Amino acid sequence: VDQGEDGLLSTPESPTPPRRPRHLPDWAKGHILLLPTTLWFAVLLIIPMLIVIEYSLGHRGVINPIRFSWGELNWTNYKDALNPQFLPIFTRSIEYATAATLACIALGFPLAYWIARFSGRFRNVFLVLVIIPFLTSYLIRMYAWQFILQTNGLLNSALGHLGLGDHHQFLNTPFAVILGLTYGFLPFMTLPLYASIERMDVSLVEASYDLGHGKISTFFRVIVPSVSPGLVAGVLLVFIPAVGDFVTPQLLGGVKTTMFGNTVADQFGQGQNWPLGSAMSVLLMGFILIGVFIYLWRVGEDAL
Amino acid sequence: MSAQRRVKHKSALRPRYLKLHAVLVFAFLFAPIVVLVVFSFNASRGGTTWTGFSTGWYSKLLHDDDVRHAFKNTLQVAIFATVIATIMGTLAAFALTRFRFRGRSAYSTLIFISLVMPEVVMGISMLALFTNVTHTHLSLRTVIFAHITFCIAFVVVVVKARLASFDNRLIEAANDLGATPYQAFVRVVLPLAAPGIAAGAILAFMISLDDVVITFFTSGPGSTTLPLYILGQTRVGVSPKINALSTVVLVFSLLLLGFGGIISWRASKRGAGGVDATTLA
């Protein structure tokens, strides 16, 4: 009954008769410990998700924001979510998130490589320096950029001193939003890359040089494949939160740089079109779940 | 080892350029934060021209009832959410690392999904639950419920990482020495897992402290938290008062981070593999 190796109550040799009733099987012990979380997640994570799916098939109500009946499922919300009014917002979110992810790789990969292999004695210090922004308020970091990028902000006054003009419009541009996303999620790229590079077998790099491969060839054929779990993790950890982000476009963007997160929020706020907002959420969630399953398939769930 | 290292330096990516890159990226990471903090001491109201040192904005904060109220709310939410999420998350982490059972990997996936779910989606789905299904009045209570939900996963991940390096033989030894399962748990497993649990709790606390999006959807009148207050103010525009408030929040987070760092450093010194921040990612 008891699995010995893994059980908390393991006495594999001779379970004495009186103690036997306490030896629950592993699955029972596991589920008892999981029970509070299971119940909590059922009520506050899974049921709300099901409600959103249900709403996405409902009608917009007048007094209650939602009318729904199983008799008449309403698929037009999905059509509306992808109509010419909203489709550009969806593609824009993907574009911005992709740009930010690429920028994070460009900045994060060399940084992670340097920390993992060349930073010497102070490696942990540099690692902490990456982690500090990761654990300070995202909102506040975006506010800091709002402060710097505003029209009479520091960047403009610095450019003015250099004689490059001091009235550039930075806020409300795609540049500001992509910069904000890159800044916000850079640690999410750097940390998993660091973990992979640190585990990389350096002798493979040496072997590649010895066998006559050049720098570029070695980089793409040896280094990139051996850090790919970290790269995949980093890409998803940056892309997923970036594509649904709400705070960055809110603070650094404007009407022309609205992203999906803002549009969903709008439907539940001023827009008051809950069914449409729900359909958009379901699409976003579906898109992200595809990413998650790629991750689990590529990296394995032990990486969690 | 050192000879090998010298060879590495010659052939691999040039450390010199990498170092320059690293310096620039660190400057990029920290310059905005430094600017924010520096300008919270600016005397002028208008933002970015420096007109002299002043702590005036901080004393304004102290006398602002809205800020004080928001601060109280934030702490209350963070404390409740942390305590409850830590208990549930720790139990779940134990279950997932110490026992093999059917559905275990599906459960890990569920926890992963709660980690990657867009905040907006989590926020609106709970808003729908509270307003249309359970008809719960939006208040601090609903904010706490929401925070517990997203904090659990972080606690699970951190505690699991700590338990993964746990030596099962210690429990067997405790059993062999006549400990009851309960005694073995309380006297052997719990003390060894404690640094992980503490790190998970601190992470949950920090994340609760910073959350803005989910709080935005689940809070009602009177349950404004500090991040919500800051978000509201940024819509009006930039002001040194927000810089000062942000600085206070940053210092608070850094103190927590330092506290968490000390705990995990002491744990790793004891040789049981402390919780590394890379395990979070």
Side-chain angles (χ1 to χ4, degrees), chain A residues 6 8-11 26-27 29-30 33-34 36-37 40 44-45 48-49 51-52 107 110-111 113-114 118 129 131 133 135-137 139-140 143-148 150 152-154 157 188 191-192 195 202 205 209 237 240 244 246-247 251 261 264-265 268 277 281 284-285 288 292 301 304, chain B residues 8 11-13 15 18-19 21-22 25-26 29 32-33 35-36 47-48 88 91-92 94-95 98-102 105 108-109 112-114 116 118 120-121 124-129 133 145 149 152 171-172 175 181 185 206 210 212-213 227 230-231 234 238 246 249-250 253 257 277-278 281:
Chain A
D6 295 301
L8 270 176
L9 316 170
S10 56
T11 42
D26 265 15
W27 64 266
K29 284 185 262 177
L33 290 176
L34 281 174
T37 307
W40 194 274
L44 281 131
L45 192 74
M49 255 339 277
I51 295 170
V52 169
L107 295 176
L111 178 66
Y113 199 84
W114 181 76
F118 302 114
L129 287 179
I131 292 161
L135 288 177
T136 49
S137 167
L139 174 70
I140 289 173
Y143 171 71
W145 279 107
Q146 189 185 5
F147 185 77
I148 291 167
Q150 61 176 323
N152 57 352
L154 278 187
S157 70
F188 288 79
L191 294 174
V202 177
V205 179
Y209 285 122
L237 286 173
I240 288 174
F246 168 84
V247 172
L251 266 70
V264 171
F268 282 82
S281 303
L284 185 61
M285 235 2 244
I288 282 165
V292 169
E301 77 206 25
L304 183 81
Chain B
K8 259 194 297 187
S11 52
L13 291 169
L18 286 174
K19 191 175 181 177
H21 176 92
V25 174
F26 279 126
L29 280 176
I33 298 174
V35 164
L36 182 84
T48 50
M88 295 203 292
L91 293 178
F94 272 110
R98 322 253 2 109
F99 303 113
R100 314 266 139 201
F101 53 90
R102 226 177 224 271
S105 67
S108 298
T109 309
F112 188 69
I113 287 170
S114 89
V116 298
V120 170
V121 176
I124 58 116
S125 68
M126 282 195 235
L127 172 71
L129 175 83
V133 180
F145 285 164
T149 312
I152 290 174
I171 297 170
E172 282 160 34
N175 286 332
F185 181 78
M206 294 179 82
D210 284 343
V212 50
V213 180
I230 294 174
L231 182 73
T234 59
V238 161
S246 303
V249 177
L250 284 177
S253 310
L257 187 62
T278 47

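Predicted, not measured: the structure shown is a model, and the values here were computed from it. Reminder, nothing fancy here: chain letters follow the sequence lines and each chain counts from 1.
- In this structure, B/Ile113 CD1 and A/Ile288 CD1 are separated by 11.0 Å, a value rounded to the nearest 0.5 Å.
- Within the 4.5 angstrom heavy-atom criterion, atoms from both the backbone and the side chain of A/Met49 approach chain B.
- Nearest approach of A/Pro36 to B/Leu91, heavy atoms of both residues: CG-CD1, 4.1 Å.
- When heavy atoms are compared at a cutoff of 4.5 Å, B/Phe26 approaches chain A solely by way of its side chain, counted from C-beta outward.
- Of all heavy-atom pairs between A/Pro48 and B/Met126, the closest is CB-N, 4.2 Å.
- For A/Ile240, the part lying under 4.5 angstrom from a heavy atom of chain B is the side chain only.
- With a threshold of 4.5 angstrom between heavy atoms, B/Val116 approaches chain A through its backbone and through its side chain.
- Between the CD1 atom in A/Ile51 and the CG atom in B/Leu129 there is a gap of 4.5 Å [rounded to 0.5 Å].
- Atom OH of residue A/Tyr143 and atom CD1 of residue B/Ile33 lie 14.0 Å apart, to the nearest 0.5 angstrom.
- Note: A/Trp40 leads A/Trp145, A/Phe268, A/Trp27, A/Trp40 in heavy-atom pairs under 4.5 Å with chain B.
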Begin with the C-alpha distance, continue with both residues' side-chain angles, and end with the deciding distance and a verdict on side-chain contact (heavy atoms from CB on, under 4.5 Å) for B/Leu231 and A/Leu139.
CA-CA 8 Å; B/Leu231 182 73; A/Leu139 174 70; 4.0 Å; yes
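- Smallest separation of non-hydrogen atoms from A/Trp114 and B/Ala22: CE3-CB, 3.5 Å.
- The choice from B/Val212, B/Val249, B/Ile152 that makes the most heavy-atom pairs within less than 4.5 Å of chain A is B/Ile152.
- Heavy atoms only, all atoms of each residue included: A/Ile140 and B/Ser246 are closest at CG2-CB, 3.6 Å.
- Shown here for B/Asp210 and A/Thr136, the closest heavy-atom pair between the two residues is OD2-C, 3.7 Å.
- Counting heavy-atom pairs under 4.5 Å between each of B/Ser125, B/Pro227, B/Ser114 and chain A puts B/Ser125 at the top.
- Taking both residues in full, the closest heavy atoms of A/Leu107 and B/His21 are given as O-NE2, 2.8 Å, listed atom of the first, atom of the second, then distance.
- Residue B/Ser253 touches chain A through its side chain alone, counting heavy-atom pairs closer than 4.5 Å.
- In this structure, the portions of A/Leu111 lying under 4.5 Å from any heavy atom of chain B include both its backbone and its side chain.
- One distance of note links CG of A/Leu135 with CG of B/Leu257; it measures 5.5 Å at 0.5 Å rounding.
- At a 4.5 Å heavy-atom cutoff, the contact between B/Leu29 and chain A is made by backbone and side-chain atoms alike.
- The CZ atom of B/Phe101 sits 4.5 Å away from atom CG of A/Leu34, with the distance rounded to the nearest 0.5 Å.
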